[in-house]
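Inspection log for the structure reproduced underneath, given as C-alpha cells.
In what follows, residues are counted from 1 in the order of the sequence shown. Nothing here was measured: the structure is a model prediction, and the numbers come from that model.
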Amino acid sequence: YRIEQATYEVAESDGYILTNEKIMNEYFGTLMLEGKSKKTIERYRLVMKMLLEHFGKSIKKITTSDLRYYLAWYKETRKVSGTTLDGMRRVFTACFNWLEKEDYIYKSPARRISRIKKDTKKERELYESEIEMLAQCCRSLRDRALLEFMYATAARVSEVAKVNIDEVDYEQKSVLLHGKGDKDRISYFTDKAEM
C-alpha cells in the first residue's frame, strides 16, 4: 500500500496545474466579458464555491448524482424554496455547460437535472388602509413621494434609484424603468404619485 496526500488537481497544461480555483476564475472572467452584472457573478461564485467545498474534489469529477444529492441535501438542511433551488440548478447548468464548451469536461452533469418546480404564491394587493398606514410612517414629503411612486409604478427600489429626471414624462404620466438584467420598461403612474 502507498499513502499519498489528497490533491484536488484538475488538469495539467504547459507545466502548470489548473485547480478548481483557477478554472472558476477563468469562468467568472468569461462572465464578466459577456457583460454579466457584478451581483450575478458574485451569486454564481458563492453557489459554485459552496458546491465545490461540499464535495472537496475536482470539478471534473462532479457527477449528475452529486448535483442531485447536493440539491436535495441543501433543500433539506436550509429549508429553501423551489425557486431558490431552481436558481442554484441554473447556476450549475451554466457553469458545467461552459466547462463542456471549453473542453474541461466531456459532458455536463447538469444536463440531466430537470427544472425544479417553483413555489407559485400569488401576492395579494395591499388594502387601502395598509397603504395609508405606510404613508403615515413616512417622515418626510420625499419618503411619501417615493412610496406613492413605487406603489403606482410597481417599481423595485433598485429601479427607482436608477431613474433620471429626464426619463419621467409628466404629460403621459410615464417613466422609463431600468430593470434587472438591463431590461427596460415603461411604467405609468397616477395623479396621486405625480404630486
Side-chain angles (χ1 to χ4, degrees), residues 8-11 13 16-62 66-67 70-71 73-75 77-105 108-111 113 115-116 118-121 123 142-143 145-147 149-168 174-187 189:
Y8 301 115
E9 298 170 357
V10 175
S13 174
Y16 71 94
I17 296 172
L18 292 174
T19 63
N20 284 346
E21 184 178 357
K22 288 180 182 176
I23 289 175
M24 288 292 90
N25 285 338
E26 185 181 335
Y27 173 60
F28 299 129
T30 302
L31 293 180
M32 198 179 320
L33 288 174
E34 291 173 355
K36 299 281 189 223
S37 75
K38 285 183 181 180
K39 283 185 177 181
T40 298
I41 293 171
E42 284 309 308
R43 169 83 175 128
Y44 278 39
R45 187 183 303 274
L46 177 64
V47 169
M48 290 306 298
K49 180 182 177 198
M50 290 188 316
L51 173 75
L52 294 172
E53 285 178 356
H54 181 80
F55 288 109
K57 63 181 178 180
S58 166
I59 196 164
K60 287 177 72 173
K61 302 215 189 281
I62 300 283
D66 289 337
L67 294 177
Y70 181 75
L71 288 169
W73 171 83
Y74 196 88
K75 182 177 184 172
T77 57
R78 300 280 181 107
K79 308 293 185 214
V80 296
S81 69
T83 303
T84 299
L85 222 53
D86 195 57
M88 292 173 68
R89 180 202 57 83
R90 286 194 318 271
V91 171
F92 297 153
T93 300
C95 183
F96 283 103
N97 285 349
W98 178 84
L99 289 167
E100 179 183 322
K101 192 170 96 177
E102 295 293 318
D103 293 327
Y104 284 114
I105 58 175
S108 168
R111 280 183 191 220
I113 298 178
R115 284 192 176 127
I116 297 166
K118 298 179 182 182
D119 309 329
T120 53
K121 183 174 85 171
E123 297 293 330
R142 177 187 170 274
D143 291 348
L146 283 170
L147 176 69
F149 184 79
M150 288 177 64
Y151 183 71
T153 60
R156 297 177 176 93
V157 172
S158 60
E159 292 171 333
V160 173
K162 293 178 188 174
V163 171
N164 292 318
I165 193 72
D166 61 331
E167 296 169 336
V168 179
S174 66
V175 61
L176 176 64
L177 297 174
H178 306 286
K180 290 167 58 174
D182 293 328
K183 293 177 185 163
D184 295 346
R185 71 181 192 281
I186 300 285
S187 189
F189 51 87

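With a 4.5 Å cut-off on side-chain heavy atoms, H178 and R185 do not count as touching. Side-chain contact check for L85 versus S81: every heavy-atom pair is 4.5 Å or farther apart. When side chains are defined from C-beta on, K75 does not count as touching Y70, because their heavy atoms never get closer than 4.5 Å. Side-chain contact between W73 and H54 is present, with at least one heavy-atom pair separated by less than 4.5 Å. Under the 4.5 Å side-chain criterion, counting only non-hydrogen atoms from C-beta, S58 is in contact with N20. Counting only heavy atoms from C-beta outward, the side chains of M50 and Y74 approach each other to under 4.5 Å. For the pair M88 and I116, the minimum side-chain heavy-atom distance is 4.5 Å or more. Between T93 and R90 there is no side-chain heavy-atom pair separated by less than 4.5 Å.
Looking at K57 and D66, a side-chain N of the basic residue comes within less than 4.0 Å of a carboxylate O on the acidic one, giving a salt bridge. The pair K162-E167 does not meet the salt-bridge criterion, since no charged nitrogen lies less than 4.0 angstrom from a carboxylate oxygen.
Atom CD of E102 sits in a crowded spot, with more than 12 heavy atoms from other residues, nucleotides or ligands closer than 6.0 Å.
Annotation: salt bridge (charged side-chain N to carboxylate O under 4.0 Å, His left out) contacts involving residues 31-44, sequence neighbours excluded, comprise E42-R45.
To the nearest 0.5 angstrom, L176 atom CG is 5.0 Å from D184 atom CG. Rounding to the nearest 0.5 angstrom, the gap separating the CD1 atom in I105 from the CH2 atom in W98 is 10.0 Å. Separating the CD1 atom in I41 from the CG atom in L46 is a distance of 14.0 Å, to the nearest 0.5 Å. Here Y44 contributes atom OH and L31 contributes atom CG; the two are 7.0 Å apart, rounded to the nearest 0.5 Å. Rounding to the nearest 0.5 Å places CD of E159 at 8.0 Å from OG1 of T153. In this structure, CE in M48 is found 7.0 Å from CZ in F28, a value given to the nearest 0.5 Å.
A pairwise comparison of heavy atoms in I186 and S174 identifies CG2-CB, 3.9 Å as the closest pair. Annotation for V157 and M150: closest pair CG2-CE, 3.4 Å, computed over non-hydrogen atoms. Closest non-hydrogen pair, T40 versus S37, comes out as OG1-OG, 3.0 Å. When all heavy atoms are compared, the tightest approach of L177 to S187 is CD1-CB, 3.7 Å. Here the shortest heavy-atom pairing between I59 and C95 reads CD1-SG, 4.4 Å. The shortest non-hydrogen separation linking A155 to V160 is CB-CG2, 3.7 Å.
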Determine, stepwise, if the pair Y27 / L99 fulfils side chain to side chain contact (heavy atoms under 4.5 Å, CB included). CA-CA 8 Å; Y27 173 60; L99 289 167; over 6 Å; no

Stepwise side chain to side chain contact (heavy atoms under 4.5 Å, CB included) check, L51 with V91: CA-CA 11 Å; L51 173 75; V91 171; over 6 Å; no

Let's go through F92 and I62 carefully: what are the C-alpha distance in whole Å and the side-chain angles of both, what is the deciding distance for side chain to side chain contact (heavy atoms under 4.5 Å, CB included) to 0.1 Å, and is it a yes or a no? CA-CA 11 Å; F92 297 153; I62 300 283; over 6 Å; no

